[in-house]
Amino acid sequence: MPELPEVETVRRSVEAAVVGSTVVRVEATGWRTVRRTSKRAVEVGLLGETFVAARRRGKYLLFDLANGNSVMVHLRMSGRLLLTDPTAPREPHTHVVIGLSSPSGSETDLRFVDPRTFGEVVVFNPDDDLVPEISRLGLDPLVDEFTFQQFRSALGRRKRGLKATLLDQSVVAGIGNIYVDEILHRTRLRHDRKVDALSLAQLRLLHANTVEVIREAVEAGGSTLSDTQYVDALGREGIFQTAHRVYDREGQRCLTCGRGIIRRVVAAGRSTHFCPVCQR
DNA sequence: AAACAAACCTGTGCGC
DNA sequence: TGCGCACAGGTTTGTT
């Protein structure tokens with residue numbers, strides 16, 4: 001579900017409540033969510049600690065603790081991070097509850113809810129190799145270092161399809177199935193075009209549109225699809241779905257050229273939407 | 001090297 | 001109204 005724009009929106013929605021607050025209660029109830037370590041490791045690792053930063057890399061949320069450890073939270077397909085009153089009833093599939101006390105003394109719960117249990121919560125020492133995937137991530141499109149030169153060298157010159165390449169988190173961090181389709185549509189390129197067949201101008205456009213689409217989506221608070229699964233930590237929905245030009249628009253007329261009918265195929269193992277007329 | 005398929009799970013929406 | 005099936009935003013692993 002959540003791609004970079006949704007994860008960034010969640011990060012922003014928890015930051016003020018989390019940073020500076022101290023953990024006064026922890027309950028890891030779901031085993032699958034803490035499978036990388038254990039319930040005990042998460043509870044012991046958090047209790048009494050103070051959060052000092054709420055960061056994000058690609059789709060990974062990283063919370064730094066005052067003792068030098070960090071907390072990695074990945075939402076995968078169905079995870080949600082919610083800020084609630086500690087007395088509020090727990091939603092079904094609540095797997096981790098972190099009771100926070102702010103400097104002013106007010107108490108809030110940070111809860112991890114995840115029906116499909118693909119998501120994870122890991123408390124780790126950054127010197128250890130417990131979360132190696134973080135170090136393998138490519139550049140995040142929102143950082144200053146995401147320059148055209150960096151982007152171009154990360155793509156390499158390959159015979160690989162564009163969609164598979166952009167979905168590869170070691171090439172660019174944070175792009176998922178919705179945004180890759182929107183980025184490729186804006187660039188008027190098909191998902192199956194090969195990276196090594198693109199002109200310099202097309203590469204430049206692809207880089208610029210990657211940044212543009214992701215920025216606009218963050219601005220819109222992400223995309224909440226019809227199932228309304230995705231909301232930020234305060235329960236607010238995103239509105240970028242109203243700006244989708246191809247995703248979930250199979251059979252509808254192309255909003256860009258007004259001539260094509262949006263098609264859906266499977267590419268790179270994922271449901272793929274594109275306009276057969278204006279994407280080449 | 002790249003393209004697929006399957007695996008991990010639950011919920012939902014569709015056709016009958 | 002109810003049932004069964006297909007499918008879903010991510011990532012890893014193994015096979016062609």
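Numbers restart at 1 for each chain; the letters A, B, ... are given by sequence-line order, proteins then strands. Given the structure is predicted, the values throughout are model-derived calculations rather than measurements.
Of the two residues near DNA chain B, Ser226(A) and Lys194(A), the one whose nearest nucleotide lies more 5' is Lys194(A).
On the nucleic acid side, DNA chain B has its first and last nucleotide under 4.0 Å of a heavy atom of chain A at dA2(B) to dG11(B), going 5' to 3'.
Using a 4.0 Å heavy-atom cutoff across all strands shown, Tyr179(A) reaches no nucleic acid atom at all. Within 4.0 Å of Gly119(A), counting heavy atoms only, lies no atom of the nucleic acid at all.
Rounded to whole Å, the P atom of dC8(B) lies 22 Å from the corresponding atom of dG4(C). Comparing the P positions of dA5(B) and dA6(C) gives a spacing of 15 Å, expressed to the nearest Å.
A salt bridge does not link Glu15(A) to Arg55(A): none of the charged nitrogens lies less than 4.0 Å from a carboxylate oxygen. Between Arg80(A) and Glu91(A) there is a salt bridge, since a side-chain N of the basic residue sits under 4.0 Å from a carboxylate O of the acidic one. A salt bridge links Asp109(A) with Arg25(A): the closest approach of a Lys/Arg side-chain nitrogen to an acidic carboxylate oxygen falls below 4.0 angstrom. Between Glu133(A) and Arg36(A) there is a salt bridge, since a side-chain N of the basic residue sits under 4.0 Å from a carboxylate O of the acidic one.
Defined by atom type and a distance below 3.5 Å, a donor-acceptor pair is missing between the side-chain atoms of Arg264(A) and Thr272(A). Judged purely by distance below 3.5 Å, without hydrogens or angles, the side chains of Thr9(A) and Asp232(A) never pair a donor atom with an acceptor atom. For the residue pair Asp114(A) / His95(A), no side-chain donor-acceptor distance below 3.5 Å is found, with atom types taken as modelled.
The aromatic rings of Phe63(A) and Phe51(A) lie perpendicular to each other, with more than 60° between the two planes, well past the 30° mark. The aromatic rings of Tyr179(A) and Phe240(A) lie tilted to each other, with the angle between the two planes from 30° to 60°.
Between Arg264(A) atom CZ and dA6(C) atom P the separation is 14 Å, expressed in whole Å. If you take NE2 of His273(A) and C1' of dC7(C), they are 12 Å apart, rounded to a whole angstrom. We find that CG of Asp114(A) is positioned 14 Å from P of dG10(C), with the value rounded to whole Å.
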Atom pairs under 3.5 Å: protein N/O with N/O of nucleotides 11-13 of chain C:
residue: dT11(C); atom: OP1; partner: His74(A); partner atom: NE2; Å: 3.0
residue: dT11(C); atom: OP2; partner: Lys59(A); partner atom: NZ; Å: 2.6

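A stem is defined here as three or more consecutive Watson-Crick or G-U pairs, each with both distances under 3.5 Å; for DNA chain B these stems are B:2-8 with C:10-16, B:10-16 with C:2-8.
Contact of the Leu166(A) side chain with the Val171(A) side chain is not registered, since no non-hydrogen atoms from C-beta on lie closer than 4.5 Å.
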Determine whether Lys194(A) and Asp196(A) satisfy the following criterion, salt bridge (charged side-chain N to carboxylate O under 4.0 Å, His left out), listing intermediate values before the conclusion. CA-CA 6 Å; Lys194(A) 306 300 182 214; Asp196(A) 64 358; over 6 Å; no
